[in-house]
There are 4 protein chains.
Amino acid sequence: MAETALDLTRSEKIARFDTRKSEEERRERLMRLLQRVRARSTGLVAALSAEDKMIQSMPEASPVKWHLAHTTWLLEHLVLVGQCQGYTAFDDSYGYLFDGHQRRGGHHLSADQRGRLSRPSLDEVTRYRDHVNAAVVRLIRQVPGARLDAVERAVTIAVQHELRHQEHMLSDAKHALWSLPQQPALRDAPGGPSGNAMPQRWITQAGGLVEIGHEGPGFAFDDEGPRHRAWQDPYKFAGRLVTCGEYRDFVNDGGYEKPSLWLAEGWALAEREGWRAPLYWQKRHGEWAVFTLAGLRPLADAEPVCHVSFYEAAAFARWAGKRLPTGTEWELFAQDRPVEGNLLQNDRLHPVPASCAEEGPWQMFGDCWEWTVSSYAPYPRFKASHEGFAEWNGRFLSGLMVLRGGSCLTPAELMRPTFRQALAPQMRHCMTGIRLAQDA
Amino acid sequence: MAETALDLTRSEKIARFDTRKSEEERRERLMRLLQRVRARSTGLVAALSAEDKMIQSMPEASPVKWHLAHTTWLLEHLVLVGQCQGYTAFDDSYGYLFDGHQRRGGHHLSADQRGRLSRPSLDEVTRYRDHVNAAVVRLIRQVPGARLDAVERAVTIAVQHELRHQEHMLSDAKHALWSLPQQPALRDAPGGPSGNAMPQRWITQAGGLVEIGHEGPGFAFDDEGPRHRAWQDPYKFAGRLVTCGEYRDFVNDGGYEKPSLWLAEGWALAEREGWRAPLYWQKRHGEWAVFTLAGLRPLADAEPVCHVSFYEAAAFARWAGKRLPTGTEWELFAQDRPVEGNLLQNDRLHPVPASCAEEGPWQMFGDCWEWTVSSYAPYPRFKASHEGFAEWNGRFLSGLMVLRGGSCLTPAELMRPTFRQALAPQMRHCMTGIRLAQDA
Amino acid sequence: MAETALDLTRSEKIARFDTRKSEEERRERLMRLLQRVRARSTGLVAALSAEDKMIQSMPEASPVKWHLAHTTWLLEHLVLVGQCQGYTAFDDSYGYLFDGHQRRGGHHLSADQRGRLSRPSLDEVTRYRDHVNAAVVRLIRQVPGARLDAVERAVTIAVQHELRHQEHMLSDAKHALWSLPQQPALRDAPGGPSGNAMPQRWITQAGGLVEIGHEGPGFAFDDEGPRHRAWQDPYKFAGRLVTCGEYRDFVNDGGYEKPSLWLAEGWALAEREGWRAPLYWQKRHGEWAVFTLAGLRPLADAEPVCHVSFYEAAAFARWAGKRLPTGTEWELFAQDRPVEGNLLQNDRLHPVPASCAEEGPWQMFGDCWEWTVSSYAPYPRFKASHEGFAEWNGRFLSGLMVLRGGSCLTPAELMRPTFRQALAPQMRHCMTGIRLAQDA
Amino acid sequence: MAETALDLTRSEKIARFDTRKSEEERRERLMRLLQRVRARSTGLVAALSAEDKMIQSMPEASPVKWHLAHTTWLLEHLVLVGQCQGYTAFDDSYGYLFDGHQRRGGHHLSADQRGRLSRPSLDEVTRYRDHVNAAVVRLIRQVPGARLDAVERAVTIAVQHELRHQEHMLSDAKHALWSLPQQPALRDAPGGPSGNAMPQRWITQAGGLVEIGHEGPGFAFDDEGPRHRAWQDPYKFAGRLVTCGEYRDFVNDGGYEKPSLWLAEGWALAEREGWRAPLYWQKRHGEWAVFTLAGLRPLADAEPVCHVSFYEAAAFARWAGKRLPTGTEWELFAQDRPVEGNLLQNDRLHPVPASCAEEGPWQMFGDCWEWTVSSYAPYPRFKASHEGFAEWNGRFLSGLMVLRGGSCLTPAELMRPTFRQALAPQMRHCMTGIRLAQDA
């Protein structure tokens, strides 16, 4: 899976949408991006059988096969149906099956029924992917120069969308494998390091009148902007993520037994669900083990804790006498840093301990998504950019919390300092971890 | 699928457990029975892919793969583990996965989670079947004569159990295929005949002090006996099953709109679920069509109506000014008749119109299971015969209704005049139809 | 509450519908019956405040005020609206509020919303009762002789209906009081006797071709007939009900821990609900106490066990190596006995130990309803007699079990050897106990 | 109910906690405040019977009797138990019944069971109120000067808490009355004016670096502070609330039919619940009527629309091409204005049309709570001040939205420019309306 040779170079990223490039270079770059990302989607899950790819282990997760088809449908819909006159859809019924949006009156397959789709088979979905890939490549090659901008924009959106689904697909596959009685691994991977974590460190930010949010020529989803001013009080920011060792101390100190540490609805949920540790932690013969995409492994103290809900993150922070950061506080530290870290291309598929080669804060990108206390809401003066997404407005669900920084399953091409992930506070099967903050 | 050559001959049935036969003949017959039934299970669903065999389209149905593994597990458990000293289970985890009984504390996989089992794969389940088949054949060949009786008994129970599951498997597969957006057929089949049904005819039974229930040397499940006396008033029995044409008249006459025709809880259910016709009836361009294992077909008036709940059967009977029969009333007509009719071996997989070659009542065996007003309860002086079935007592759930006579999906080897099927009154995905009765 | 002076004399019962009596005597008797029963309904619950009478402690129970109004509505509907030309309803909205039948489209108040009815107030319901009482008395006095039969029939049905509700009202009030944090008593009552129960005794019935069911001139509900023949094998019948002491032995022997004793769905329910003893048993300082209408009292060993579901009764019987009787087996012992026992008029409101003054079986009437294994279904040749009850057909719900013999809350005027109570097998808040039987 | 004579004077409000006042004046003022507020609570619902006061018409609402007892329990707990050594609780069981906080293990009565509490009776709750009132008055009179501050603080919190419950109690009573089949009025009130609303007007705010949040000596709940800086872009603010007439245009224009106007989860909810108009709007003979505390009245076009969820408010705003304001945007307009408007003391119990006597924006205080797009979360540097409230942390539930400005049911003593109400976005039974905003 290592893609070093093929990986997105920094110059390539900067160059995106740079219309000064020659048309040929732009066509070439777009094709290479498309092919690399599309091939990676299938490569990531090549070890899973057709039956494995059909599992839906909970209503909130989708089968791997569905992800493979859904991303293809969106690519076909945005690029081929949208930009290629006379294109005939590969299969008319796929909109019903693979457009993810729930609509009134049942015009789409209910999301919790995706695990029943034995047909189309994986073979047919593979043919569908190949067919659409070839047609998009043809379009990129042949579209008149005057319409290249529009095609480039549509392909970019579809690719960015597929990059998001690469992470969802791996998270869902992890849950599916864990749900199987055999708890098999997706593949082998080197074990985590033994030894202690580096000590926590606190970095002060002076605050003042600041600016955050996306602006400029590079691609970003509309919810990353507009760039806007905000007032920020001075604060301290944790140098690294909370580790498994620290979280175990919280568990051992009765963290799951003390309602005073918890938000009321988090406490009610934890009780109802019987939570006693992060998802995927299992006690075996008195020792904690953790399920990873490489199978069950002993808990490594120095690794960042992962698969905690917002409620657990907030309870831990209260127990530690600290708090979670806001989205603004996170972005102020991230916005001038290179997007580097333990992302998907690092090919570990699991968080790794912080190392202090560079100046902190560390682990800003990759490893684990970092819960913030910011609700997911539009920025001031936000304008939705529909771009063919039906009911995009539906995105802003009330009660979602913003997460930042990506994880070890996030493709590097997707990560940006302004990127906002949004999850319901009870979610635990994504790669969600904890960074602390405190008032200065 | 036609098995005429291999089919169970009447003499063979009579001979079962006939210990006067030579040992060699008994071993040979048992092996033939085992192999025929086991091969049929896989043959019936050979047209379905590994993905198709994984679908669980509702909690009350199981995936085809699960049926194939569950029947194998019971065979292994009863015959190999039970009768073959030193036998090592093919896989220790299969009891957890494939023993169907729910037990306290989650010692078995919850029945509604069976659709998530991508592993073991279909290939592995096939290997499991082959392994157990071979071991059982070996045991039948080699078991000392003194223990042949016990082995014969165990194999017979396991085979009878698998025969039951052949029907469940087809009913569940039918529901799964129907649930797919494409509604594909299992296979082709000749269409139903056009034309009218033969007229209904009423046959009088004089009643008196009668006897029903199993007795004697042939195999029967314990709930078919003991044979016992009962008083029966004279009654009239419908010569044939209710047809689709007759049922459509009920629909058109507002049968689903009149609470006075319905049992209260049936009415509540029909409202809640929006029932307006039998399961699998669909209106297309103003005409009724019906989903069959051969795909969607126009409704044939003369065919027996199928896939109705007990509540619909009872409402229809009230609408028709008649009633449903009791189990005793049914058995009195069945007990002296040969077990012949449109059963699984007839290879139609769908009910067919009655034809009057023989003296009525017709369609006693095969076509559709016939709802009775008898609750499923033990007969007087019933003694449970556990035979290695855990918690067999659980069978007698309150509120199940007895059905009689088998269907076009019931293997002939399973059918007996005393056989009692038991279903919850709301069930509609089995092959359930209607025979009427009235007081004399 | 003791009504000895006013109580229904045996001669009066025999005389019912005896048209040879003079018209005046019939009018007089009917008025006396009406007034006695109506006055008793309010007297039974006089100790409860208007607020108490509004409690609905579970969806299956109704507030006392609702019972008082519902019985009045039925009396008004059957007798005044039905028999008295030109009668104007007391309040047009009361059909919506107080007719108990659920109908499509919400034409009646949903049964689980009855606890929200602050209006009409208790005062208004009392006025309603008085108004209807007076009008019915006037009608009885003044109706022309030619129509007296019809009025007598209508009043009798309404009174019998109210008698049923006297028991429901007390059972529901008991549950309501128990649900209150204070667990108050309805009123004082003498404590149960100490000491041991008389030994169990087994009485053999020879069986043969028998007859059960109502026939003849006295009043009975339609489901008590028609009288019909049945074959009965010989059996043994327990002389007295199972006692609290015996049931405690079952509890102490792990009766609630052994799935093999239970029907599968009963076991699942007991687990889900955490049942460990009958409803109203509570452990206080290591000793069992039981909530009664006279408040919490120490468990008395010799008293019949009460407030057990069908599942618990069946599990107890299996544990004891016995079984529950059928309805026929019960009626054969009851049909020649006088209707005497610890019924409502005994004014104990709680079961009492058997005493052997007469020849057994004892406790046939009163004390506790006795679960049978008979499903509630129409007898052969049953014809519904609607008599103005809407959707009376709805009575025969599938899955109800028949109980026999009445309880300490059953009015004597209601009790007959043929009377069939029907309850869902999970019900525990009615006065339900256990009588054992076995094959001879 | 008009309290002009007794009403809180502006000077009195300013004087609160002003320790320069003489001790006697402070004692006197505190007693007057306590007595006025406590008397008002009972006066507001004096028209309801004991039965009415027991209704719980939905799990999210509480019976009036419960509010009367709960506020008393908190007063007793904070002031008497907390400040008065040797005080014996009126009834030990009242903590279980009337402390509103849900705790693990069922240490408090489940909130949805409050409607079953027939005991303590209303009479007893009234005695409880009188008892506690007298004891608190005694304490205020007699507490040594050194401890007067603490008592004053405790009484003030309890009074502010009861003021909040005065509004909850009226909102819940409104829902209870509406739920009754008779839909009775709480009391008479003058009808709304006919005629048109004044035209909408837009007022521009220049923005910049601003400050919001409570600071200073007057009482405020802890979540109203700390005062903090924020950056605000320029914006326009609607001069008055959205009217019923405007909202009806939205309804008539298919506002409830167009998913593109709605947040996805709002749309799903509206479909599931069948919403077609605000709660309490009912169509009668083709005309809209609206249920008020004075009963059902024709819809008055000029009145502010009320009883809309956040989802409906947001959908309306999108339909109107505007948006909802943030909490900051609201507070900037409110912070220099006198707290005047159609509040509870105005005794209308219903929103009234805006009138332009003063310079806009109008209707800032009173009439309807105004939904904002701000999630309910702690302000920067927030410190919880427990003050004896158990699990106060539980307040910050995720997914609550902030509302501002109070309503016609909000007591004037409670209202402050910094006050933040928090409701789940689906709530409709509180007095919730709509003010629009837009970017400048």
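Chain identifiers are assigned alphabetically (A, B, ...) following the order of the sequence lines, protein sequences preceding nucleic acid strands; residue numbering begins at 1 within each chain. What you are looking at is a predicted structure, and each value in this text was computed from that prediction instead of being measured.
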Side chain / backbone / both / neither for D:Tyr311 at chain A, heavy atoms under 4.5 Å: side chain

Reference residue D:Trp231; test side-chain contact (heavy atoms from CB on, under 4.5 Å); the match among A:Gln232, A:His228, A:Arg229: A:Arg229

A:Phe310 versus chain D, the contacting section by heavy-atom distance below 4.5 Å: neither

Residues from residues 430-440 of chain A approaching chain D under 4.5 Å (heavy atoms): A:Asp439, A:Ala440

